[in-house]
Amino acid sequence: MTAFVAHLDADCFYVSAERVRHPDLIDKAVGVLGNNGACVIAKSYEMKARGVKTGTPIWDAKALCPEGVYVKRDFYWYEVLSRKMLGIVGTFSPKVEYYSIDEFFFRAERLHPRQNLHQTATAIRDHILEAAGLPVTIGVARTRTLAKLFSDTGKPFGAVAVLERDHERELLATLPVTEISGIAGRRAARLAPYGIRSCLDLADADGRLVNRLLTKTGYEIWLELNGTPVTPIRPERPPHKALGRGGSLMGNVDQPVVLWAWAVRHVERLIEELNYHNVRTTALAVEVGWKTGGSTCGVVSIPTPTDRFDDLLDAARVALRRAFVPYATATHLHVLATELRRGKGFQLSLFDTPDPKKDAAAQAKAAVNARHGRFKVRSGVTLYLPAVYADPANNFDICDVRGKICF
Amino acid sequence: MCTAVALALSELPDELVLAHDLGVRIHTRGGEKEVRFYWRAAPALLPVWWNGGLKVVKWGNWDRAERKLPPTGWTWQTTVEAGRWSAMEPEPVEILATYGLSNGVWFRVQQGMRGLLVRTRGGEPVVYMICEPSTRYFRVMTRAEWMPVLIGEVI
């Protein structure tokens, strides 16, 4: 018997989440603003109808939609609802993948022998709306890629089950190839000379040609489009190969002390991740994005795997110095642990001895922050970022939602 | 600077709507009716929670009807804390709002805003919106240097 995959996608999730706690926003044009308050990161269908897109600066958005209401993002709340939704889906399926904060894949199984998969998808969709207050769209198909494509065609608040090849082909013919996750402008341009413009064109193309044009990733998409499952549903997230923290510097930074403060902030956030995943790193990279375009990166090897603040601080200092461009203005900074080792059972070098005092200090810091709130104890260097720490919403970012496969 | 607040019509008793002729200030947003209190409206009014009830009172003194009051609709939190209003025996009030408007951007208000209520020589209540320097987020969002003091939330 063919196993079918379901893809669940919450409809304008951040807006829907705001509407759960603020029902007055229902039916209104709503835009959720990003970390800096400058761009719309999610918009309601009402706002979308006025021409506002994801990424539109608020100044353009308010001109397009003057009656729109703009809301500050709250990833704490979005995670609460996301996990609630995940729990609900888990009651319907034995295998659920937490793909992103608003998207899940799960094995589609009929709820009752007499029910078909379309009815099942509809029942799950309706139950989520009733139990969590969130409108979602569910697509069911033979593979993940197909399920994701077809759920998009059902938005908003749809339930689509495409189980026959003829039905698949009919829908694939209507979808441009850029609808496929992983095929954007550059890859689409590579396909265009061969007449591959729709998803059906890609599915009907020669697999060897696709492999040559789009490498293995493209070939796997081709297999999935033709109904051969490649990527299984992953109930557990595979271990990270690298961990990183960073992002926008909330404006232009041209003072080295402020840049260093950002680096230290991200090192502290990175250590939380290392501890959570019970890993240590033997390499630390600091990447700085510059206003003039481009970025520079400094990498430092650490002889012994570490997750300790003092070790990583020393490494970050050297890495930032390597990445630093004098008199340039920075806009982004990322700190990355690129070579991860398991947290226990690693080899010490000849000159490294365990330092129980520093370990105890790190544990005390983590315990205080766990009890009294994130960043309550933090490096004094970060005092150069008063605006960042004054706003509790900055303490939790989308990347802090753990366990999801995709960003 | 916050130059208008909107409150759902359902929050306002009919007698208040009639008493203050708020019918002309009713707008529809997303199918729901709301009353908008603009600073530029004549008269400028604000809905406040005062003496245990919802009242609609005059917002500031833009028409300079009262000589002893500043001809504005806002006051700074630092001014209030410094006691510069104390001679007028001010009362703290809560300005009720579902949405606030600042530089053309409507933002959602969870509970309300802080206000300061004083009386004219004739005994008429007048409310001033208490403001503080904008947080970085609010400043980027609205390009306003000052924001209302919000109750129970940080934007």
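Just so it is clear: chains get the letters A, B, ... in the order the sequence lines come, proteins before strands, and each one is counted from 1.
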Is any side-chain heavy atom of Trp106(B) less than 4.5 Å from a side-chain heavy atom of Val71(A)?
no
Quick one: what part of Arg139(B) sits under 4.5 Å from any heavy atom of chain A, side chain, backbone, both or neither?
neither
So CD of Glu32(B) and CD1 of Ile26(A): to nearest 0.5 Å the spacing works out to 9.5 Å
Shorter than 4.5 Å, heavy atoms on both sides: which option in Cys39(A), Ala29(A), Gly34(A) has the most such pairs with chain B?
Gly34(A)
Taking only residues at least two apart or on different chains, which pairs with a member in residues 74-85 of chain A satisfy side chain to side chain donor-acceptor pair (under 3.5 Å)?
Glu18(A)-Tyr78(A), Arg21(A)-Asp74(A), Glu79(A)-Arg83(A), Ser82(A)-Tyr98(A)
Contact origin within Ala38(A) toward chain B - heavy atom pairs under 4.5 Å:
both
Please say whether more than 12 non-hydrogen atoms of neighbouring residues, nucleotides or ligands are located less than 6.0 Å from CD in Glu81(B).
yes
Checking an interface table here. Which of residues 58-69 of chain A come within a heavy-atom distance under 4.5 Å of chain B?
Ile58(A), Trp59(A), Lys62(A), Pro66(A), Glu67(A), Gly68(A), Val69(A)
Please check if the number of heavy atoms outside Phe375(A) that lie under 6.0 Å from its CZ is greater than 12.
yes
With a 6.0 Å cut-off (strictly less than), is the heavy-atom count around CZ of Arg108(B), excluding the residue itself, greater than 12?
yes
Phe107(B) six-ring face occupied by Lys72(A) cation (under 6.0 Å, within 45°)
no
If you measure from the Lys or Arg side-chain nitrogens to the Asp or Glu carboxylate oxygens, is any gap between Arg29(B) and Asp27(A) under 4.0 Å?
no
Closest non-hydrogen contact found for Tyr70(A) with Val105(B) is CD1-CG1, 3.8 Å
Heavy-atom count check: over 12 atoms from other residues, nucleotides or ligands less than 6.0 Å from Lys155(A) NZ?
yes
Got a sec: does the CD of Glu124(B) have more than 12 other heavy atoms crowding it under 6.0 Å?
yes
Tell me, for Asn394(A) versus chain B, whether the close heavy atoms (under 4.5 Å) come from the side chain, the backbone, both or neither.
neither
One should read off an interatomic distance between Met141(B) CE and Asn36(A) CG, to the nearest 0.5 angstrom, of 13.0 Å
Select one option (side chain, backbone, both, neither) describing which atoms of Gln110(B) are under 4.5 Å from chain A's heavy atoms.
side chain
Residue Thr28(B) versus chain A: region with a heavy atom under 4.5 Å
backbone
Among side-chain atoms of Tyr137(B) and Asn35(A), is any donor-acceptor pair under 3.5 angstrom?
no
Interface residue of largest heavy-atom contact number with chain A, from Thr135(B), Thr98(B), Leu101(B), Asn103(B), under 4.5 Å:
Asn103(B)
